[in-house]
Amino acid sequence: MADTDYDLVIIGAGPAGLTAGLYAARARLNVLLLEKAAPGGQILITDWIENYPGFPEGLSGYDLAEKMRVQAEKQGLKIETAEVHSLNLSSDIKEIVLKDRSIRTKSLIIASGASPKKLGIGEDKYMGKGISFCATCDAPFFKEKTVVAIGGGDTAVQEAIYLTKFAKKVYLVHRRDELRATKILQERALANDKIEFVWDSVVTGVDGFFGIEGVHVKNVKTNEEKTIKANGCFIWVGILPNTEFLKGSVKTDEFGFIIADTKMKTSVPGVYVAGDVRDTPLRQVSTAVGDGAIAAISAEHYIENF
Ligand SMILES: Cc1cc2nc3c(=O)[nH]c(=O)nc-3n(C[C@H](O)[C@H](O)[C@H](O)COP(=O)(O)OP(=O)(O)OC[C@H]3O[C@@H](n4cnc5c(N)ncnc54)[C@H](O)[C@@H]3O)c2cc1C
């Protein structure tokens with residue numbers, strides 16, 4: 001038997017990692033889950049989730065995250081707060097490098113999720129001063145104010161609707177002339193008096209002295225430019241994989257998402273992937289938990305033959 005600290009280490013405590021941890025703990029593996037922030041991942045910044053089966057009224061992202069964490073820990077999962085800096089996957093025993101130490105494990109599940117894509121419109125300068133990626137966190141700051149939301153997918157439309165609970169007006173800027181979001185969300189947004197759509201348009205910049213005062217918008221068909229007077233700008237234009245620590249150690253697609261087969265096996269034996277960080281056609285809580293369950297069972301089979 002090789003000398004390792006753990007049978008399995010999981011990176012990331014979002015829905016994928018917490019589900020993998022639940023299954024691995026129930027399989028009585030010697031497992032550790034590493035999370036750099038709070039357990040829950042992106043659902044911690046999601047106001048309300050109504051498409052996760054089993055909760056007909058929906059529930060807050062925070063509540064769902066807590067339920068997942070409690071359930072996994074109840075089964076014996078150990079969660080440690082630590083950021084993974086790099087991996088050494090060149091031998092059978094995998095090494096996970098943290099800030100102050102390394103961990104040796106037989107197998108690994110990467111469930112490090114994804115982060116919102118930036119547009120390069122002043123995010124660094126105006127973060128916390130009007131630009132945000134999280135309506136749940138920041139919408140209350142914009143009570144009775146005007147805000148701009150950018151994007152046309154599920155997240156953008158759902159979060160724009162949430163913003164209308166606080167803001168007096170929400171401009172939804174989308175680069176096409178129709179939304180990509182699920183029909184039920186489109187219907188709600190189109191019926192919402194507080195949302196005004198700015199079609200075929202992109203945001204080119206923001207300005208303001210102490211915080212945002214104006215959002216510059218360009219119509220991509222006519223090239224016409226205008227400035228919307230607004231105090232907030234919420235960006236939901238897609239996500240990027242959290243894979244800085246990989247440094248080429250497993251195979252990814254052209255955008256950096258990790259490639260896997262149907263058993264969640266990556267290009268490296270004993271290394272599995274689950275959730276939003278995977279090259280997958282749908283990034284949702286339900287798909288992340290499915291991936292997590294499969295990855296844990298695959299890791300269990302791998303460990304049996306280690
Ligand atoms: C605003 C918003 C609204 C959404 N609404 C819905 C919805 O209504 N329904 C739905 O099904 N889905 C929704 N989603 C999508 C859903 O949240 C994601 O699909 C899901 O959270 C993916 O889970 P995950 O575990 O793969 O990754 P994440 O949730 O991204 O979790 C990954 C975790 O890994 C950690 N991590 C990353 N790097 C490291 C590292 N180096 N070391 C240690 N830890 C690390 C992160 O801190 C994070 O906690 C929404 C997303 C957003 C942003």
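Counting begins at 1 with the first residue of the sequence. Order of appearance sets the numbers: ligands from 1, and atoms from 1 within every ligand.
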Colleague: Measure from atom 26 (O) of ligand 1 to every heavy atom in Asp291, Asp276, Thr136 and give the option owning the shortest one.
Modeller: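 Among Asp291, Asp276, Thr136, the closest heavy atom to atom 26 (O) of ligand 1 comes from Asp276.
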Colleague: Hey, does Tyr52 sit under 4.0 Å from ligand 1 if you only count heavy atoms?
Modeller: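 Contact check Tyr52 vs ligand 1: negative.
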Colleague: Indicate whether the side chain of Asp47 and that of Thr136 have a donor and an acceptor atom separated by less than 3.5 Å.
Modeller: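 Distance-only check fails for Asp47 and Thr136.
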Colleague: Among all protein heavy atoms, pick out the one at the shortest distance from atom 34 (O) of ligand 1; state its residue, atom name and that distance to 0.1 Å.
Modeller: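 Result for atom 34 (O) of ligand 1: Gly12 CA, 3.2 Å.
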Colleague: Run the numbers for me: atoms of ligand 1, each under 4.0 Å from some heavy atom of Glu83, listed by number.
Modeller: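 Those of ligand 1 that fall under 4.0 Å from Glu83 are 41 (N), 42 (N).
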Colleague: For the backbone of Val170 and the side chain of Thr146, can you confirm whether one donor and one acceptor N or O come within less than 3.5 Å of each other?
Modeller: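 Checking the backbone N and O of Val170 against the side chain of Thr146, no donor-acceptor pair under 3.5 Å is found.
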Colleague: Based purely on interatomic distance, does Ala16 place a nitrogen or oxygen under 3.5 Å from a nitrogen or oxygen of ligand 1?
Modeller: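 Looking only at distances, the answer is yes, because the N/O contact criterion of under 3.5 Å is met.
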Colleague: Show which atoms of ligand 1 fall inside a sub-4.0 Å distance from at least one heavy-atom site of Ala111.
Modeller: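 Those qualifying, in numeric order: 32 (C), 33 (C), 34 (O).
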Colleague: Check each of Gln284, Glu35, Arg283 against atom 12 (N) of ligand 1 and report the one with the nearest heavy atom.
Modeller: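 Among Gln284, Glu35, Arg283, the closest heavy atom to atom 12 (N) of ligand 1 comes from Gln284.
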Colleague: Purely on distance, is any nitrogen or oxygen of Pro15 under 3.5 Å from one on ligand 1?
Modeller: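 Right, the criterion is met.
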Colleague: Does at least one non-hydrogen atom of Ala82 fall below 4.0 angstrom from an atom of ligand 1?
Modeller: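 Right, Ala82 reaches ligand 1.
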Colleague: Would you call the rings of Phe166 and Tyr162 parallel, tilted or perpendicular, taking 30° and 60° as the class edges?
Modeller: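 If you compare the ring of Phe166 with that of Tyr162, the planes turn out perpendicular.
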Colleague: Non-hydrogen atoms of Glu50 versus ligand 1: any pair closer than 4.0 Å?
Modeller: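 Checking ligand 1 against Glu50, which is what was asked, there is no heavy-atom contact under 4.0 Å.
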Colleague: So, the side chain of Arg283 versus the backbone of Arg278: is there a donor-acceptor pair under 3.5 Å, distance only?
Modeller: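 It does hold such a pair.
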Colleague: Kindly say whether Gln42 contributes a backbone atom to a donor-acceptor pair with the side chain of Thr46 at under 3.5 angstrom?
Modeller: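 Flag set: sc Thr46 to bb Gln42 pair under 3.5 Å.
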